[in-house]
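Written below as structure tokens is the structure these notes are about.
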Amino acid sequence: MGSSCGCGVTLVLVFCLWGVLISLSSAARLSASRQKLEVAKHLNRLNKPPVKTIQSPDGDTIDCVPISKQPAFDHPFLKDHKIQTRPSFHPEGLFEENKLSEKPDAKTHTPITQLWHANGRCPEDTIPVRRAKEEDVLRASSVKRYGRKKHRAIPKPRSAEPDLINQSGHQHAIAYVEGDKYYGAKATLNVWEPRIQQPNEFSLSQLWILGGSFGQDLNSIEAGWQVSPDLYGDNNTRLFTYWTSDAYQATGCYNLLCSGFIQVNSEIAMGATISPVSAYRNSQFDISILIWKDPKEGHWWMQFGNDYVLGYWPSFLFSYLADSASMIEWGGEVVNSEPDGQHTSTQMGSGHFPEEGFGKASYFRNIQVVDSSNNLKAPKGIGTFTEQSNCYDVQTGSNGDWGHYFYYGGPGKNPNCQ
């Protein structure tokens, strides 16, 4: 009799455990389907109905979205915004009508291309938008964080005390100027495809337009090229922009992944692959980026190359940058997640140190700032900063052709960088 009682208890336990497992799995299913719904809603918000769709050779889908239906206009402050189709003034003087449609002169430089151009172009009055996919959003730590940088991802040149090094896992090799009011910056930088060790790391080269303190209220506008498997799902080198008005906390995002930047150009897609890229001891390909504040309207405009005025960040997005920038930075940034407790081997720039020079190291050349009279000027008092020069380094110089320039970058992990 005792044995049958024992059997009954065992059965009850089995049924209980079974019930717990069923409720756990149904809760997991519920949370998975809730997440799926949340992701679908977010994608629906981001991916606007296109008038034309282009499949890129790299697997991207480029949607040609009517200019007035782009993600920027989800912003409550932009509901009645009249799109400015061109800036009033350019740092080289009054903005010319034909600047938006000038075609690159094949004799003077290789036209900048993006891979998707191989399969078509977007019509006028539309903008090309890289379509966000479900797997892109699922790679983010949450739907809310998709397309956003992590907090404290800004190089602060004066914070190189050893206890601050790598506290956010980000490392830099940059040149910078501060101590004045800046109304823009320009640089030409060569494009590489650095190797990334872990999918949650990235490598980028960019310029930063900064205002405010390095606390909770930092304003930043950023643009350049990046390799980010987490954000894009591959190791391609891509054109990107970023903005924040509260030190990467609640505002801002990459490219057009939130409302903010207003694009007016139909030829260049934010986040799309840049082609071709530079090769070691071989052809070098570079891009020019100019960001400046239109003195009339106050918006911050971006130009890519000599020919593509891409669009603008409305000044109301910012607090400090509504007036001017207090610091400009140019250079490289990588994430070092210290896999296996050792320094990452994620490359910055070409993956080679600055002293190797042209054709081997990555560079920024003709770096300039925009002054209060809207003129491009050579930067005064350039400083440099890197957390660990044995991992990634920076070296400045100047000459007639390249103006102020610097080589930067490195391999990450090596015998002197563990």
Inset, instruction - Any chance you could lay out the side-chain hydrogen bond (donor to acceptor under 3.5 Å, both in side chains) test for Y280 and E356, step after step, and finish with the verdict? - result: CA-CA 11 Å; Y280 188 74; E356 291 199 40; 2.6 Å; yes

Inset, instruction - Nearest 0.5 Å please: distance from the CG atom of L321 over to the OG atom of S245. - result: 9.0 Å

Inset, instruction - Report the C-alpha separation of D60 and R238 in whole Å, then their side-chain angles, then the decisive distance to 0.1 Å, and conclude whether the salt bridge (charged side-chain N to carboxylate O under 4.0 Å, His left out) test is met. - result: CA-CA 12 Å; D60 280 0; R238 295 167 174 277; 2.8 Å; yes

Legend entry - Salt bridge R86-D294, side-chain N to carboxylate O under 4.0 Å: no

Legend entry - Within-4.5 Å side-chain heavy-atom neighbours: Y182 and S326: no

Inset, instruction - Return the orientation label for the Y312 and H81 ring planes: parallel under 30°, perpendicular over 60°, tilted otherwise. - result: tilted

Legend entry - S319 versus N219, side-chain donor and acceptor atoms under 3.5 Å: yes

Legend entry - Nearest non-hydrogen partners of G332 and I174, listed with the distance: O-CG2, 4.1 Å

Inset, instruction - Identify the heavy atoms of Q197 and T346 that sit nearest to each other, and give their distance. - result: N-OG1, 2.8 Å

Inset, instruction - Check whether any side-chain heavy atom of I328 lies under 4.5 Å from a side-chain heavy atom of V177, and answer yes or no. - result: yes

Inset, instruction - Please check if the side chain of S373 supplies one atom and the backbone of N375 the other of a donor-acceptor pair under 3.5 Å. - result: no

Legend entry - Check against side-chain hydrogen bond (donor to acceptor under 3.5 Å, both in side chains), K413 and Q418: CA-CA 6 Å; K413 187 182 171 187; Q418 299 288 334; 4.9 Å; no

Legend entry - Close side-chain approach of T251 to L317, heavy-atom, < 4.5 Å: no

Inset, instruction - Please report the C-alpha distance between H117 and E267 in whole Å, then the side-chain angles of each, then the deciding distance to 0.1 Å, and finally whether the side-chain hydrogen bond (donor to acceptor under 3.5 Å, both in side chains) criterion is met. - result: CA-CA 8 Å; H117 289 166; E267 298 190 67; 5.9 Å; no

Inset, instruction - Using atom types as modelled and distance alone, determine if a side-chain donor or acceptor of S278 lies under 3.5 Å from a backbone N or O of F285. - result: yes

Legend entry - Nearest non-hydrogen partners of N414 and C391, listed with the distance: ND2-CA, 4.4 Å

Inset, instruction - Would you check, one step at a time, whether the test ring-ring contact (aromatic ring centres under 6.0 Å, His included) holds for F364 with F406? - result: CA-CA 6 Å; F364 276 69; F406 62 92; 4.9 Å; yes

Inset, instruction - Answer yes or no: does atom NZ of K52 have more than 12 heavy-atom neighbours from other residues, nucleotides or ligands under 6.0 Å? - result: yes

Legend entry - Donor + acceptor pair across side chains of Q171, E387 (<3.5 Å): no

Inset, instruction - Search all heavy atoms of S259 against all heavy atoms of A72 and return the closest pair with its distance. - result: CB-O, 3.3 Å

Inset, instruction - Show your reasoning for whether side chain to side chain contact (heavy atoms under 4.5 Å, CB included) applies to F304 and S288. - result: CA-CA 6 Å; F304 178 60; S288 292; over 6 Å; no

Legend entry - Nearest heavy-atom neighbours spanning G120 and I54: C-CD1, 3.7 Å

Legend entry - Main-chain N/O of R195 paired to N235 side chain as donor or acceptor, under 3.5 Å: no

Inset, instruction - Using salt bridge (Lys or Arg N to Asp or Glu O under 4.0 Å) as the criterion, list what pairs up with K181, not counting sequence neighbours. - result: D323

Inset, instruction - Salt-bridge test for D180 and K380: reply yes if a basic N is under 4.0 Å from a carboxylate O, no otherwise. - result: no

Legend entry - Residues K149, E333: salt bridge by 4.0 Å N-O rule: yes

Inset, instruction - Dump the intermediate steps for side chain to side chain contact (heavy atoms under 4.5 Å, CB included) on T188 and I287, then the final yes or no. - result: CA-CA 5 Å; T188 298; I287 59 173; over 6 Å; no

Inset, instruction - Apply ring-ring contact (aromatic ring centres under 6.0 Å, His included) to the pair H90 and W301, showing each step before the final yes or no. - result: CA-CA 9 Å; H90 194 269; W301 282 82; 9.9 Å; no

Inset, instruction - Locate the shortest heavy-atom distance separating Y408 from M348; write the atom from each residue and the value. - result: CD1-SD, 4.0 Å

Inset, instruction - Please name all residues satisfying salt bridge (Lys or Arg N to Asp or Glu O under 4.0 Å) with D63, sequence neighbours left out, ordered by chain then number. - result: R131

Inset, instruction - Look at the side chain of N336 and the backbone N and O of V334, then say whether any donor-acceptor pair between them is shorter than 3.5 Å. - result: no

Legend entry - V65 backbone acceptor or donor facing Q70 side chain under 3.5 Å: no

Legend entry - N265 side, atom CG; E124 side, atom CD - distance, nearest 0.5 Å: 11.0 Å

Inset, instruction - Taking the side chain as every heavy atom from C-beta outward, state whether V309 and P87 have any atom pair closer than 4.5 Å. - result: yes

Inset, instruction - Give me the ring orientation class for F385 and H172: parallel if the planes are under 30° apart, tilted from 30 to 60°, perpendicular past 60°. - result: tilted

Inset, instruction - Determine whether H170 and F202 make a side-chain contact, defined as any pair of heavy atoms from C-beta on separated by less than 4.5 Å. - result: yes

Inset, instruction - Kindly write out the residues that satisfy salt bridge (Lys or Arg N to Asp or Glu O under 4.0 Å) with R45, not counting sequence neighbours, or none if the list is empty. - result: none

Legend entry - Whether T237 side chain and W192 backbone form a donor-acceptor pair below 3.5 Å: yes

Inset, instruction - Find out whether the Lys NZ or Arg CZ of R148 is both under 6.0 angstrom from the six-membered ring centre of Y248 and within 45° of the ring's axis. - result: no

Legend entry - Non-neighbouring partners of F316 that pass ring pair (Phe, Tyr, Trp, His ring centres under 6.0 Å), sequence neighbours left out: H75, F77

Legend entry - Side-chain donor or acceptor of Q263 paired with backbone N/O of I268 under 3.5 Å: yes

Inset, instruction - Could you tell me whether the side chain of T113 and the main chain of S275 form a donor-acceptor pair under 3.5 Å? - result: yes

Legend entry - Straight-line distance of S324 OG to I209 CD1, nearest 0.5 Å: 11.0 Å

Legend entry - L310 and L239, any side-chain heavy atoms less than 4.5 Å apart: yes

Legend entry - Any W243 side-chain heavy atom under 4.5 Å of F318 side chain: yes

Inset, instruction - For the residue pair S228 and D230, confirm or rule out a side-chain donor-acceptor distance under 3.5 Å. - result: no

Inset, instruction - Quick one: sort the F358 and W402 rings into parallel, tilted or perpendicular, breaks at 30° and 60°. - result: perpendicular

Legend entry - Test item: Q303 side-chain N/O and G305 main-chain N/O as donor-acceptor pair under 3.5 Å: yes

Legend entry - Cationic N near anionic O, under 4.0 Å, D74 to K69: no

Legend entry - Check: D217 side chain, G212 main-chain N or O, donor-acceptor pair, under 3.5 Å: no

Inset, instruction - Under the ring pair (Phe, Tyr, Trp, His ring centres under 6.0 Å) rule, collect the residues that match up with Y320, sequence neighbours excluded. - result: none

Inset, instruction - Report yes if some heavy atom in the side chain of P123 is under 4.5 Å from a heavy atom in the side chain of C64; otherwise report no. - result: yes

Legend entry - Qualifying residues under ring pair (Phe, Tyr, Trp, His ring centres under 6.0 Å), relative to F261, sequence neighbours excluded: W313

Inset, instruction - Please step through side-chain hydrogen bond (donor to acceptor under 3.5 Å, both in side chains) for the pair D286 and Y363, ending with a clear verdict. - result: CA-CA 9 Å; D286 55 26; Y363 61 77; 2.8 Å; yes

